[in-house]
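Take a look at the structure below.
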Amino acid sequence: MTNASPYPVYPTAHPAAPLPDPTPHPYHRLDRTTGRHRWWRPLVGTVLLALAYFVVLLVLLAVSYGLGTALGAPELPDGGADLGPLGNTAMDLVSLAIALPLVLLATLWPARRAAGTVTSVTGRLRIGWLGWSLLAGLPPILLLTVIAFFLPGGSDESDTWVGWHSFLTALAVLAALVPLQAAAEEYVFRGWLLQAVGGFVRSPWLAVIPQAVLFAAAHGWGTRWGFLGLLVNGLVMGLLTIRTGGLEAAIVLHVLNNLLAFGVSAAVVGGLSSDETAADAPWPLALTAMATDLLYAALVLWLARRREPQRLSAPSTPPTPYGHPARTA
């Protein structure tokens with residue numbers, strides 16, 4: 001006599017990979033959604049990201065030096081090739097833009113999650129919300145332009161107009177490269193670093209503060225007001241990223257600010273040769289920039305209440321146990 005059952009016996013399923021967290025998470029906690037978070041992943045990823053950036057930067061500098069030598073360009077005091085004000089500015093922008101694909105690779109490994117999750121909680125760039133953020137950014141940037149025009153000058157740059165041909169040529173190069181450079185900085189600071197810290201802490205403030213300090217420090221120490229302005233900018237963009245669920249609003253503000261700054265420099269003779277950054281801003285300009293950042297944040301939050309962009313990750317559905325298909329009505 002046998003005890004064979006007329007029904008097939010299915011083996012118990014043991015998942016080969018960690019189960020994703022079904023709980024919706026805000027942007028800074030997205031590293032927790034996959035179930036693969038380990039304390040060492042953000043640390044190893046940050047170190048590998050820095051090393052990879054250093055290696056790629058050396059390759060880029062070698063290429064630019066070879067190009068400059070082939071063109072007969074003179075050498076800069078630091079040993080690089082002098083490609084002229086616009087060429088040197090373009091190389092500076094490219095040297096920052098190369099960080100963007102490296103962040104995406106670091107998100108794939110060692111973070112072990114989809115590269116798009118560093119962009120937004122939806123896993124992609126939300127073009128519609130990017131457009132609304134751009135509309136919100138136009139009034140503050142126009143206000144900053146008008147006020148800055150009447151502020152007393154604080155640099156040694158000349159006020160001599162470069163001419164339409166030189167200005168439009170520079171503007172075309174800046175329009176192509178500044179968005180990539182600004183986006184790369186956002187992916188590093190408001191993207192990778194914000195989510196790396198957010199993997200350990202729940203508080204948005206605790207996740208936002210470290211990247212804001214590092215963002216301000218990365219621009220160098222100029223004036224205390226310039227540093228404070230960059231710190232406020234980093235805090236505002238970090239909080240907007242969490243509140244709106246993605247980098248779109250921060251990218252828009254960064255691109256507009258940089259296009260304005262580089263555009264003004266490109267308009268005057270010797271402007272692009274200046275080594276001044278936002279860290280060197282005098283107190284009137286720094287206070288104005290902080291006010292416009294806060295105005296932009298208010299407009300974006302006002303739009304967010306009406307447009308309601310997704311700010312939490314979509315809840316994941318646990319996998320169906322092996323051999324027990326879900327019943328349908």
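A distance of 11.0 Å separates CG in Leu142 from CD1 in Ile147, rounded to the nearest 0.5 Å. Here the CG atom belonging to Leu301 is positioned 6.0 Å from the CZ atom belonging to Arg243, to the nearest 0.5 angstrom. Interatomic distance, CG of Leu174 versus CD of Gln181, reported as 10.0 Å (0.5 Å rounding). Here CH2 of Trp132 is found 15.0 Å from CD of Glu248. Values are rounded to the nearest 0.5 Å. Put simply, OG1 on Thr33 and NE2 on His25 are 6.5 Å apart, with the number rounded to the nearest 0.5 Å.
Hydrophobic clustering places Ile98 together with Leu193 (ILVMFWY residues linked when any side-chain heavy atoms are closer than 4.5 Å, directly or through intermediates). Hydrophobic clustering of Ile, Leu, Val, Met, Phe, Trp and Tyr side chains at less than 4.5 Å, counting indirect connections, keeps Leu312 apart from Trp129. Note on Tyr65: it does not cluster hydrophobically with Leu86, by side-chain heavy-atom contacts below 4.5 Å among ILVMFWY residues. Residues Ile141 and Val264 fall within the same hydrophobic cluster, defined by Ile, Leu, Val, Met, Phe, Trp and Tyr side chains chained together at heavy-atom separations under 4.5 Å. No chain of hydrophobic side-chain contacts below 4.5 Å, direct or via other Ile, Leu, Val, Met, Phe, Trp or Tyr residues, connects Tyr53 to Val44.
Considering only heavy atoms from C-beta on, Asp159 stays 4.5 Å or farther from Val269 through its side chain. The closest side-chain heavy-atom distance from Arg224 to Trp283 is not below 4.5 Å. With contacts defined as side-chain heavy-atom distances shorter than 4.5 Å, the pair Thr119/Thr117 does not qualify. Taking the side chain as every heavy atom from C-beta outward, Leu228 and Met290 approach each other to under 4.5 Å. Side chains of Leu67 and Leu71 form a contact here, defined as non-hydrogen atoms less than 4.5 Å apart. Side-chain contact between Leu104 and Leu108: absent, with no pair of heavy atoms (C-beta onward) separated by less than 4.5 Å. Looking at heavy atoms from C-beta onward, Pro282 lies in side-chain contact with Leu285 at the 4.5 angstrom threshold.
Geometric assessment of Arg29 against the ring of Phe200 yields a negative cation-pi assignment under the 6.0 Å and 45° thresholds.
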Exercise for review: Take Val56 and Val59, measure what side chain to side chain contact (heavy atoms under 4.5 Å, CB included) needs, and give me the verdict at the end.
Suggested key: CA-CA 5 Å; Val56 176; Val59 173; 5.5 Å; no
Practice item. Step by step, work out the side chain to side chain contact (heavy atoms under 4.5 Å, CB included) result for Leu294 and Val236. Key: CA-CA 7 Å; Leu294 295 176; Val236 167; 3.9 Å; yes
Practice item. Let me see the working for Trp192 and Thr46 under side chain to side chain donor-acceptor pair (under 3.5 Å), right down to the final yes or no. Key: CA-CA 8 Å; Trp192 175 264; Thr46 302; 2.9 Å; yes
**Study point:** Evaluation steps, side chain to side chain contact (heavy atoms under 4.5 Å, CB included), between Met237 and Phe215
**Key:** CA-CA 11 Å; Met237 290 194 286; Phe215 175 70; 4.2 Å; yes
Check your understanding: Could you walk me through whether Gln195 and His28 pass the side chain to side chain donor-acceptor pair (under 3.5 Å) check?
Key -> CA-CA 5 Å; Gln195 291 183 337; His28 68 295; over 6 Å; no
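Remark: Trp109 pairs with no residue by the ring pair (Phe, Tyr, Trp, His ring centres under 6.0 Å) rule, at least two apart or across chains.
Atom CH2 of Trp39 sits in a sparse spot, with 12 or fewer heavy atoms from other residues, nucleotides or ligands closer than 6.0 Å. Taking a 6.0 Å sphere around CH2 of Trp161, one finds it holds more than 12 heavy atoms contributed by other residues, nucleotides or ligands.
Annotation: side chain to side chain donor-acceptor pair (under 3.5 Å) contacts involving residues 289-301, sequence neighbours excluded, comprise Asn233-Asp293.
In this structure, Phe227 has its ring center closer than 6.0 angstrom to the ring center of Trp221.
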